[in-house]
Amino acid sequence: MSEHTADPATETFVAHRNLLFTVAYEMLGSAADAEDVLQETWLRWVKVDLEQVRDQRAYLIRITTRQSLNRLRTMTRRREAYVGSWLPEPLLTAPDVAEDADLAESVSMAMMLVLETLSPTERAVFVLREAFDVGYDEIAAAVDKSPAAVRQIAHRARKHVDARRPRQSVSPGKTREALEAFRRALETRDPQHLLDVLAPEVVLVSDGGGVKRAALHPVVGADKVTRFYLGRSAKAGFTIACEPATVNGNPALLVRLDGELDGIMAVRVEDTRITGLYYVRNPEKLARLASETPLTLR
């Protein structure tokens with residue numbers, strides 16, 4: 001055996017690392033916290049007697065879920081003290097993530113925000129069952145509930161999510177078309193073209209974290225959103241430039257003001273118009289836009 005050959009525990013962990021990160025990220029909405037959870041998972045995994053583990057993938061998911069739940073409960077207190085609206089930490093992702101419709105929907109900004117409305121246990125059950133197709137018995141072991149209770153929680157969480165998820169999904173191509181129209185209107189500061197691409201009931205959620213200026217509450221309505229963007233940029237005299245990117249598996253825009261990265265704009269599109277705008281400006285959440293983060297459901 002070569003001295004450079006990894007031990008079985010390390011090989012298994014590395015083989016499932018992207019999956020475990022995706023589980024933790026979908027539960028937490030924070031890449032930084034997901035990385036911490038993976039470290040905690042690793043420290044527990046190396047102490048496990050592998051000969052006693054029947055399904056190593058399931059066992060790793062179980063550890064990751066438990067650590068994520070512990071962290072999620074403490075994060076709730078952090079969120080309560082957060083300045084303004086909170087949005088998930090955006091991840092620059094490879095095009096193949098966008099090609100997996102289930103994965104792209106499960107990590108989209110719109111879905112991640114819906115997941116925020118679930119309790120920690122509901123979120124864990126929903127994510128494991130709906131995104132990762134984990135069996136009820138395995139989920140029960142991960143969340144310390146009976147399989148019967150997990151089935152009830154899964155049913156309740158699914159109804160809750162279905163009532164709040166976008167009414168219809170559109171292709172990445174239609175989303176890119178809407179984003180391109182939005183980009184042109186923003187860069188040229190054309191209010192009519194902006195109104196044309198925004199649905200009348202559009203909702204803008206901006207996250208500055210108290211570090212960058214952002215609306216403290218969601219801005220609702222095409223007129224108000226248009227005034228928010230064009231009025232602010234005109235008053236400040238910024239030059240706006242937007243660069244297409246794939247973020248959280250979906251088309252998005254990297255927004256630059258006077259050449260400096262200002263934030264990431266993700267959208268929800270229904271029919272041909274934008275119904276949701278998610279603008280992350282908090283510098284602490286922009287670290288994952290320098291390189292692609294691999295995500296997987298398998």
Side-chain angles (χ1 to χ4, degrees), residues 82-90 108-114 116-117 164-248 250-283 285-286 289:
Y82 198 79
V83 178
S85 298
W86 182 93
L87 286 171
E89 182 179 352
S108 69
M109 283 285 182
M111 177 56 74
M112 296 288 282
L113 274 182
V114 173
E116 284 293 313
T117 64
R164 290 162 176 79
R165 74 197 324 162
R167 292 185 292 273
Q168 61 178 176
S169 59
V170 300
S171 68
K174 285 188 177 296
T175 300
R176 280 191 290 269
E177 288 177 9
L179 264 176
E180 175 60 18
F182 179 82
R183 180 192 67 78
R184 289 196 303 269
L186 202 59
E187 291 181 348
T188 59
R189 293 185 170 91
D190 187 321
Q192 187 55 54
H193 284 173
L194 206 52
L195 289 169
D196 289 343
V197 73
L198 298 177
E201 72 280 8
V202 63
V203 177
L204 162 67
V205 181
S206 56
D207 178 345
V211 181
K212 287 279 195 77
R213 183 181 175 187
L216 292 177
H217 304 286
V219 179
V220 182
D223 287 336
K224 290 183 179 179
V225 170
T226 298
R227 287 198 298 272
F228 178 85
Y229 272 116
L230 299 188
R232 174 175 165 266
S233 63
K235 183 178 180 180
F238 290 123
T239 297
I240 305 174
C242 303
E243 175 187 341
T246 301
V247 173
N248 286 48
N250 292 267
L253 294 173
L254 300 178
V255 181
R256 300 185 187 278
L257 300 182
D258 290 340
E260 296 292 326
L261 179 65
D262 183 70
I264 183 71
M265 177 71 71
V267 298
R268 183 177 74 239
V269 176
E270 298 176 41
D271 291 324
T272 60
R273 305 178 90 178
I274 295 172
T275 57
L277 287 161
Y278 313 104
Y279 193 28
V280 181
R281 298 193 73 210
N282 185 348
K285 294 185 178 183
L286 302 178
L289 299 178

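The shortest side-chain heavy-atom distance between Leu254 and Ile264 falls under the 4.5 Å cut-off. The shortest side-chain heavy-atom distance between Phe228 and Tyr279 does not fall under the 4.5 Å cut-off.
Contact between Pro172 and Pro251 at its shortest, heavy atoms only, is O-CG, 3.7 Å. Here the closest non-hydrogen pair linking Met112 and Pro88 is CB-CG, 3.5 Å.
Applying side chain to side chain contact (heavy atoms under 4.5 Å, CB included) to Cys242 and the options Asp262, Leu179, Val255 leaves one that passes, Val255.
Once rounded to the nearest 0.5 Å, the distance linking CZ of Arg268 with CE of Met111 reads 11.0 Å. Atom CD in Glu187 sits 11.5 Å away from atom CZ in Arg256 (nearest 0.5 Å).
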Decide yes or no on side chain to side chain contact (heavy atoms under 4.5 Å, CB included) for Val267 and Phe182, but give the supporting numbers first.
CA-CA 10 Å; Val267 298; Phe182 179 82; 5.8 Å; no
Run the numbers on Asn248 and Tyr278 for side chain to side chain donor-acceptor pair (under 3.5 Å), then give the verdict.
CA-CA 12 Å; Asn248 286 48; Tyr278 313 104; over 6 Å; no
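Applying the side-chain hydrogen bond (donor to acceptor under 3.5 Å, both in side chains) rule to Thr188 yields no partners; only residues at least two apart in sequence or on another chain are considered.
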Could you tabulate the donor-acceptor pairs under 3.5 Å formed by side-chain atoms of residues 193-206, not counting sequence neighbours?
from   : atom 1 : to     : atom 2 : distance (Å)
His193 : ND1    : Asp190 : OD2    : 3.3
Asp196 : OD1    : Gln192 : NE2    : 2.9
Ser206 : OG     : Ala215 : N      : 3.0

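The number of heavy-atom neighbours closer than 6.0 Å to NZ of Lys212, taken from other residues, nucleotides and ligands shown, is above 12.
Remark: Glu180 engages Arg184 in a salt bridge, criterion side-chain N to carboxylate O under 4.0 Å.
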